[in-house]
Amino acid sequence: MPRPRKRLAGTADPDKKRLSGKRTKTENSGEASPQVENSSPQNTSSSEICVKNLSRYWLMKSEPESRIEKGVDVKFGIEDLKAQPKHTTCWDGIRNYQARNFLRAMKLEEEAFFYHSNCKEPGIAGLMKVDVQFVRMMKRFIPLAELKTYHQAHKATGGPLKNMTLFTRQRLSVQPLTKEEFDFILSLEKKEPS
DNA sequence: GCCAACGTTGGC
DNA sequence: GCCAACGTTGGC
């Protein structure tokens, strides 16, 4: 069943459902499993993503445009994050196992890109730190199309975005980035839009 | 709004 | 455990 991406919750709200909110029976393993940070480096999935998991940089998707789902507007763009008390929100509403495991693997203060999805212009809008708090806008919006162009080129040249999860794992709403990917994307801010 | 990709469900 | 049907994600 639905209940996709982010649904906001101010700092002040204790009630709301947390990201671990139990739903149907199918939750199995995911729920019971404890912190990922504990000694056991249990494998989440593909080894490749596991490795990235150690990189401690993230990309999190959210929809900046209004869309009603089950009577609730799922809109939550970077401006909405900024508008939260303390610029902070709690990232709930994630059901996909893999995405949830990544949420659990995050540590405070790690950096994450805020990605706008399912909208007119998809792409990376800003920076957050895990907490989840707004840090700053990108100096310029980095469109998906531009990232895709680099991804394609890097597949041939072995550049930093050659394995970017955004393109290799479609539909994953919380994903890890390598330091190389993260730094390269930050470097794009200073470049002219391609 | 369309639809490809892909995750989930459930019958067998 | 297989796999068809179904539901969701998200670009275009």
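In what follows, chains are A, B, ... by sequence order, proteins preceding strands, each numbered from 1. Below, all heavy atoms of this structure are taken into account, side chains as well, without hydrogens, waters or symmetry copies.
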Aromatic ring centroids of A:Tyr150 and A:Phe184 under 6.0 Å? yes

Examine [N]: is either OP1 or OP2 under 4.0 Å from a nitrogen or oxygen in the side chain of [X]? Give yes or no.
X        : N      : value
A:Lys61  : C:dT9  : no
A:Tyr115 : C:dT9  : no
A:Lys148 : C:dC12 : yes

Please state how far atom [atom1] in [X] lies from atom [atom2] in [N], giving the value in whole angstrom units.
X        : N      : atom1 : atom2 : value
A:Gln152 : C:dG11 : CD    : P     : 15 Å
A:Leu172 : C:dT9  : CG    : C1'   : 11 Å
A:Asn118 : B:dC3  : CG    : P     : 16 Å
A:Tyr97  : B:dG7  : OH    : C1'   : 10 Å
A:Gln98  : B:dG7  : CD    : C1'   : 11 Å
A:Phe167 : C:dG11 : CZ    : P     : 9 Å
A:Asn96  : B:dT9  : CG    : C1'   : 15 Å
A:Lys70  : C:dG7  : NZ    : P     : 11 Å

Ion pair A:Lys148/A:Glu146, N-O distance below 4.0 Å: no

Hey, is A:Glu189 close enough to A:Arg140 for a salt bridge, meaning N to O under 4.0 Å? no

Between the side chains of A:Glu111 and A:Trp58, does any donor sit under 3.5 Å from an acceptor? no

Nearest to the A:Ser173 side chain among C:dG10, B:dA5, C:dC12, which nucleotide is it? C:dG10

